[in-house]
Amino acid sequence: CHFIIQEAMRAASRLPVLDFSHIKRDRNRVANELAQMAKRLNHNVVWRSHFPACVEQLISGDCNFSVSNL
């Protein structure tokens, strides 16, 4: 994990402004579902141009999340 964090920090230093913050699972359900699926399947996958059916509705919900829901 240390290498990944270092790489993220190097990439972040090239951006004008970047703020890392902790997001609870219920606020990022897609990432949580994909992480759980990776644990269940015991392998990593990259999807291009499509996504797993298990997150289809979650993607819509996460993308349409408004500030009023905070």
Side-chain angles (χ1 to χ4, degrees):
C1 289
H2 182 70
F3 173 76
I4 294 170
I5 293 170
Q6 283 182 327
E7 182 65 28
M9 296 303 286
R10 278 194 294 270
S13 69
R14 294 188 297 264
L15 298 173
V17 176
L18 180 67
D19 182 29
F20 289 100
S21 60
H22 176 76
I23 304 295
K24 293 182 179 182
R25 289 181 191 147
D26 63 340
R27 298 291 180 193
N28 193 352
R29 297 175 299 162
V30 173
N32 184 56
E33 181 62 29
L34 291 173
Q36 294 302 314
M37 187 172 73
K39 286 171 56 176
R40 285 190 309 269
L41 299 177
N42 199 25
H43 71 280
N44 298 328
V45 177
V46 175
W47 292 276
R48 295 182 181 164
S49 304
H50 67 282
F51 42 85
C54 65
V55 296
E56 185 173 349
Q57 290 180 332
L58 298 176
I59 289 172
S60 177
D62 277 359
C63 291
N64 294 320
F65 186 77
S66 68
V67 176
S68 63
N69 292 337
L70 293 176

Applying a strict under-4.5 Å side-chain criterion to I, L, V, M, F, W and Y, I'd like to know whether I4 and M9 cluster together.
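No, because I4 and M9 fall into different hydrophobic clusters, even though each may have its own neighbours under 4.5 Å.
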Does CE in M37 sit with more than 12 non-hydrogen atoms of other residues, nucleotides or ligands closer than 6.0 Å?
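Buried by this count: over 12 neighbours within 6.0 Å.
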Checking R10 now: which residues fulfil side chain to side chain donor-acceptor pair (under 3.5 Å) with it, not counting sequence neighbours?
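Counting only residues at least two positions away or on another chain, R10 forms a side chain to side chain donor-acceptor pair (under 3.5 Å) with E7.
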Rounded distance [0.5 Å steps], CZ in R40 versus CD in E33:
5.5 Å
Worked check of side chain to side chain contact (heavy atoms under 4.5 Å, CB included) between N32 and N28:
CA-CA 6 Å; N32 184 56; N28 193 352; over 6 Å; no
